[in-house]
Each structure stands twice: as C-alpha cells, then as structure tokens.
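For the numbers below, each heavy atom of this structure counts, side chains included, while hydrogens, waters and symmetry mates do not.
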Amino acid sequence: MKEKFYLTTAIAYTSGKPHVGNTYEAILSDAVARFKRRQGYDVFFQTGTDEHGQKIEDKAKAAGKSPKQFVDEVAGEIKRIWDKMEVSYDKFIRTTDEDHVKQIQKIFKKLYEQGDIYKGEYEGWYCKPCESFWTESQLNGGKCPDCGREVKKAKEEAYFFKMSKYADRLMKYYDEHPEFITPVSRKNEMINNFLKPGLQDLCVSRSTFKWGIPVDFDDKHVVYVWLDALSNYITGIGYDADGNHGENYKKYWPADVHIIGKDIIRFHTIYWPIFLMALGEPLPKKVYGHGWLLQEGGKMSKSVGNVLYADDLADTFGVDAIRYYVLTAMPMESDGVISYESIIDEINGNLANVFGNLVSRTAAMINKYFGGSVYDAGAFEPIDQDLKEVVCGAYKKAAAKMDEYRIADAIEQVFTVFRRANKYIDETTPWILSKDESKKDRLKTVLYNLAESIIIGASLLNPFMPKATEKAAEIFGTKLRDYDIIETFGVNKEYKVVNDAEILFARIDKEKFMEELNAKQQANEQVKAQEELIGIEDFSKVKIKIAKVIACEKVEKSKKLLKLTVKIGDEQRTVVSGISNYYTPEELIGKKLAMIVNLKPAKLCGIESQGMIICAEDEKAGVVAYLSPEKDVEEGSQVF
RNA sequence: GGCGACGUAGCUUAGUUGGUUAGAGCGGCCGGUUCAUACCCGGCAGGUCGGCGGUUCGACUCCACCCGUCGCUACCA
C-alpha cells in the first residue's frame, strides 16, 4: 500500500489579488506534491482561501460590495491564478464553505464546553470615534493609528483560549520533534519570545465587526479568524468535532507538512498545535516557513503600480518559465529577489541554452542521421559510463534536497543531467561519427543514450515544469517516468522522434525586452499622472510654510527620529521627523525648510509632533533631502 | 532595549562532526567545435572566506570582542 502524504499551503487571505510572492507558495507546494506523487506517495494537497476578518469587511465596504460578494470575486481570482500556474491541488477550501463554518462552530463549542475557552474581559485601548480596540503595539505614538485621536483603556466581553495550559506539552513536542519547525532558527524565536516568557491566553472571539463565523451560542461574537483559518487543515479533509470523521481525515491526518510564509510561523507552531492538543488530535509533522520573494529595487506597492503578478508574468514568459524562476530564486533560509532581467537570464541560460537546446539538437540529429528512429545498438564505449552514472545518480541527490525542502538545489541537481548530456555530445562528436559508415551503430547508441538521458532528466524536472517536460517527452515519442524506475538506464528500448520538434523555450532578446518594457512603463505613468490630477482646491487644503530650525536633537528611544524645534513666523513648534539616518542634528540647525503646518498633531515616542518636514526621497540612491527655498525668505513664508 | 541569525570570487551562493591546491552557476576574457535556439565544450580570471585577537600541530569551520546587514519581540491578517 502506498504511503500517504498530506501537505497544505497557508490559505490565501482574500483581501486582494495575490502578487507573485504570494503565488510562490502555491507553486512551491505544488512542486513538492508533484515530486511526492512521482515518488509513489498517495498525496493529498490542499490549498484555499481565508475569507473572514475585519480587513475584508472594510475592503468590501470600500468597494461598495457585500463581504460575500467581495470574497467570491477575490477567491475566484486566486483559484484562477492557481489553476493557470498548474497548481495541482486536490482540494481548494474556502473558509466560507458551509461544512467548514459548521465545524468551526462545533469546534468552538467543544473547546468552550471542555473549559479551554472561557468568557472573560478583553482589555485594550479603545478609540471611541473609530469604535476600534487596539493593542499597545498597534498604537501610533500612544494614539489611534487610524485617526490619531486619544484612546482610552476599555474593557469588553470576549472569549479566551487557555494557551498556558498547553505550553509545557508544546515544548516537549518541540524537543521530541527537532524538525517540526523548519528552518530550525525559527524555533528559537518561538521559544525565546513566547514560550519562555510564558504564553498569554489568546482572545479567540471578536465583537467589534460582523464578518466572521458567529459563535452559535452567543451571537454577539464571531470566531477569531485564526482559529477559523487554521482549522481548515482538518475541516477540509473531513474532520468532525463529534468524532464522525470522514475517510480522508482518517487516512491523511496528521499533515506531513504545512508550507507557509515566515510571517505566520507563530500561528502555525504555537496556536495551531495547541488547538489540536485541546481537540485531542495528533499534531502536524512539520511546519516549513519559506522566505519571501521580493521585488528588486524595493517593495512591491500597489500605489506605485510596480506589483508583479504571476499570471501577467506567465503571459509574458510562460507558466513553466515562471514556475522555474520563482522556485530557483529562493534560497533556503532567506528571501529571494525577482526582476525582469534575472528572469530573462534564467530563461536564456538554463531553459533555452542548456535544456531546450539539448532537446533540440538531439532530436535534430536523430532525425537527420536515422530518419527519426533510434535504439541502443550495443556499441558501448567506456566514455558512456560516466554519463550513465551522472544521469542515474541525479534522482538520489535531487530527492535528498527535496526532503530538506531545498527546491532550488534539487533543480540544480537535475540540471547536472542536462549539462552532462551536452558535454557528452562534445565528447562523442556525432557529426564526425556520421561521416563514417562503420560507426553507424556507435552513432545510434550515442543518440539513444542522449534520448534516454533527456527523458530521465525531464522526468526529474517534471514536478517543477509540468508542461514543458511533457512536451519534451512527446518530442521523443514517449512518456515521462515515475521515480521507481528513474535510476535505471535503458528502460525505453527505442525512440521515435517527431519531425519538426517545437522549440521548448525561445531565447529572449534582453536589451530589446527591457527597452520595450521601459517604454510601456513610461506610457503607463503618463496615463496614471493624468488620472490623478487634482484641483487647486485640493492642494490649497495643504498649508506649507518655511520653517527655521532653531534646535534639534536625537530622540533617544528611537532609531530614526529627530526632534526639531522650529520657528514659523512668531510661532515656535516641535516637530518629530524620521530622518536621523540622513541628517545629524547639527546639519539642520539654522536651516530653513519647507513644512506642512496644518497636519493633525501626532505623538511619536511620547513627543507631540506639530507638523511635517517634507523631503524628497531617491529610493534607488538611498538619498533623502529636505526642501529649502532657493533664495533667502523670511521664516513663516507660505509655499504655494 | 531583549533574543537570534547572517556577512565566502563582480553578482547569486555550496561548504557535512576543524585537516592536503575553499567548490558551483551567472557575468568577463581566451581557445575549441558546428549536431543545435549566435548554441555547446574546455581553459583562465586568482576571493587576506567582514575586522582584530585567542584555542589548536592545524580554523571559513570552535571561543571573545568589534564593525555591518537582517529577523523575531503576541492577539492586523
């Protein structure tokens, strides 16, 4: 009987369209799922969407839609992208699914009835106008982060989960399963920051917004989104809080791995295991926290309009190329970087030149010398041995890397097959053999060895690039192999190659591409600039005046802040500005600079800031510069 | 502030319990080849393994300190 393997992605939050970095996780997980299937595991791969919470309620409202309407649209978009990227999930769960909702209510009730959840009082900082509770760390200079007004300590009724009760058991689980948190460096963060100081009980209900799963015995409250979201891993495969589990649950739980982003490791390695302990269910075997795929030259930002989306990139470069790229761009323990130039370099280098061209030249020779048909004619030469060893040895090396979730390294191992095969062509020089009638069998054997190497390599590459590798197999008139026979050379007895093999990966003219891209972006910016035109009445709301800095010092408690005392006409004000990385206090004293004077005051590190220095930022060069009048003007002069 | 990680060739990076000439890919330079998507193959470039000490017969790999970069520091997901 096949061994089971259950893996999941984190479910994607439906607050907006996922960028390529979010999509990376689905592709990564898919690569693992496909590799495991080739290895013969009975794989269940679950992904989906997390659709509740205040943020979504707010976003929907802003878009003039009902929350359900809103999440239907976004979830549809996410599913469409996953499908487009060939993510081969077995189940796509949505937290608005009826059976999920029902189970969450049952789970909440069960935990309440057994005393792990209790009713208490949530104490936080409350902003009355915004009707919002904030935590200490969310406050901005001691004030409401939304409106900047005063907040008050306030209490509200809420349900809490007794986290501390399970802390010792969790520690024990960490100790007994050293690979539970991967990379292990994250484990220390969890232990040192949370477990050692003592776990606080977690507030698991909300009553300040509605868009969530109602607590069925107390409908003022909705279930805290993380209890809702995390449980998808069991509800999606048929968990039942009453114990009448579905077949899939009995078969697949516990999960073999939860693949998640590094930002949510805490939820998956502390809260989730504790919820499971409380439910009396086994814990997942591993939580793998991957790094982030970042965009070159700073953050992706929707307002800047430089966000890369996987589906757009796939339209430009192809699904397989983007899958390959995002998988290889990620180092094991840190973040990866994505840029158009490096995508093109990878496509041209490894995909077109090494892999694609190998397929192309081999197919062409088989057609040219033998009319498209070739088999092992038995003309072995010692030089063949090394080729076969490299080709047949690649699986073990790649599989070892996959077991460590070092995907990029696994792919690198596969490429040694193609590199070795290219070298083999130079070593055996088929074009010279072809000129000697007596070497015909040798030539046939050489080309057969190449075809066989390509099929083995393509089979290994298949989990990462499903379509292109299948095409490669079609070119050689065969199918890709599962990994039980991947270490044997000579499985196929003969190859029949198609006549006009299509090019798997076209080379891209990088210079031309970048020029066209720049032209396109400039055009977009112009359009955008026009769209964002404002009237003079908008501008006149902002009062800018020239201020003279009469004193300046560093704010001790902070890294970035400077406290400035400025004179605007007869008035003296205190301003806090985050520019200490760019200016020393001495540099600023005596200077005249432009400042917004009618901004609502805000407390930063306990100091009230009564205005804002305006600065120009050159992100690329990392330069920040304040603006000052070109001629000397009296402080207090207005800027128009 | 507390805890932790990292800093290896122009770039991205491997380096397992310390041990002979520190590996690879990309880029660069030189040479070879023509089956192929101006591809492929070979060679070279020569990096004080962040800095300074220490332990050791011997350290990129262990310890201390310094410099730099980054992560986590709880109820927004």
How is [X] classified with respect to the nucleic acid when contacts are heavy atoms under 4.0 Å: base, sugar-phosphate, or nothing?
X         : answer
Asn192(A) : sugar-phosphate
Ser360(A) : base
Gly356(A) : base
Asp345(A) : nothing
Lys262(A) : nothing
Phe194(A) : base
Tyr271(A) : base
Arg266(A) : sugar-phosphate
Phe267(A) : base
Gly261(A) : nothing

Looking only at the side chain of [X] (C-beta and beyond, no hydrogens), which of the listed nucleotides [options] gets closest?
X         : options                : answer
Val225(A) : A74(B), C35(B), A77(B) : A77(B)
Cys203(A) : G32(B), C75(B), U37(B) : C75(B)
Trp431(A) : C76(B), U37(B), U33(B) : U33(B)
Arg361(A) : C75(B), G42(B), C40(B) : C40(B)
Ile425(A) : G42(B), C35(B), C75(B) : C35(B)
Ala364(A) : C75(B), U37(B), C35(B) : C35(B)

Side-chain N,O ([X]) to OP1/OP2 ([N]) below 4.0 Å:
X         : N      : answer
Lys196(A) : C3(B)  : no
Asn353(A) : C40(B) : yes
Arg186(A) : G4(B)  : no

[atom1] atoms of [N] and [M], separation to the nearest Å:
N      : M      : atom1 : result
A36(B) : C41(B) : C1'   : 13 Å
G15(B) : C52(B) : C1'   : 24 Å
U16(B) : G50(B) : P     : 14 Å
G47(B) : G10(B) : C1'   : 11 Å
U61(B) : G19(B) : C1'   : 11 Å
A24(B) : G68(B) : P     : 34 Å
G27(B) : C11(B) : C1'   : 8 Å
G28(B) : C70(B) : P     : 31 Å

To the nearest angstrom, how far is [X] atom [atom1] from [N] atom [atom2]?
X         : N      : atom1 : atom2 : answer
Glu341(A) : C11(B) : CD    : P     : 16 Å
Ile191(A) : G71(B) : CD1   : C1'   : 16 Å
Leu202(A) : A74(B) : CG    : P     : 13 Å
Ile265(A) : A5(B)  : CD1   : P     : 15 Å
Leu358(A) : U34(B) : CG    : P     : 19 Å
Glu412(A) : A14(B) : CD    : P     : 12 Å
Arg419(A) : C41(B) : CZ    : P     : 8 Å
Asp409(A) : G23(B) : CG    : C1'   : 13 Å

Strand partner of [N], provided both Watson-Crick or wobble distances fall under 3.5 Å:
N      : answer
C72(B) : G2(B)
G42(B) : C30(B)
A24(B) : U12(B)
C65(B) : G51(B)

[X] and [Y] aromatic centres sub-6.0 Å:
X         : Y         : result
Phe317(A) : Tyr325(A) : no
Phe180(A) : Tyr173(A) : yes
Tyr375(A) : Tyr495(A) : no
Tyr324(A) : Phe505(A) : no

Hey, is Glu51(A) close enough to Lys68(A) for a salt bridge, meaning N to O under 4.0 Å?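 Between Lys68(A) and Glu51(A) there is no salt bridge, as every charged N stays at least 4.0 Å from the carboxylate O atoms.
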Begin with the C-alpha distance, continue with both residues' side-chain angles, and end with the deciding distance and a verdict on ring pair (Phe, Tyr, Trp, His ring centres under 6.0 Å) for Tyr233(A) and His268(A). CA-CA 11 Å; Tyr233(A) 301 133; His268(A) 283 78; 5.6 Å; yes
Tell me which of Met190(A) and Ala229(A) sits closer to the 5' end of RNA chain B, going by the nucleotide each one is nearest to.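 Closer to the 5' end of RNA chain B: Met190(A).
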Which residue lies more 5' along RNA chain B, comparing Lys401(A) with Ala352(A) via nearest heavy atoms: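 First, find each residue's nearest nucleotide; the 5'-ward one identifies Lys401(A).
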Keeping Tyr369(A) on the side-chain end and Leu447(A) on the backbone end, is there a donor-acceptor pair under 3.5 Å?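 No; judged by distance alone, with no hydrogens or angles, the pair does not exist.
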What orientation do Tyr340(A) and Phe513(A) show, parallel under 30°, tilted 30 to 60°, or perpendicular over 60°?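 Correct class here is tilted.
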Could you please spell out the steps behind the ring pair (Phe, Tyr, Trp, His ring centres under 6.0 Å) verdict for Tyr24(A) and His290(A)? CA-CA 10 Å; Tyr24(A) 161 73; His290(A) 60 74; 5.2 Å; yes
Any donor-acceptor N/O pair under 3.5 Å between C3(B) base and Asn193(A) side chain: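 By the distance-only test, no, there is no pair.
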Is a donor-acceptor pair below 3.5 Å formed from side chain Glu346(A) to base C26(B), judging by atom type as modelled?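 In this structure, the two groups form no donor-acceptor pair.
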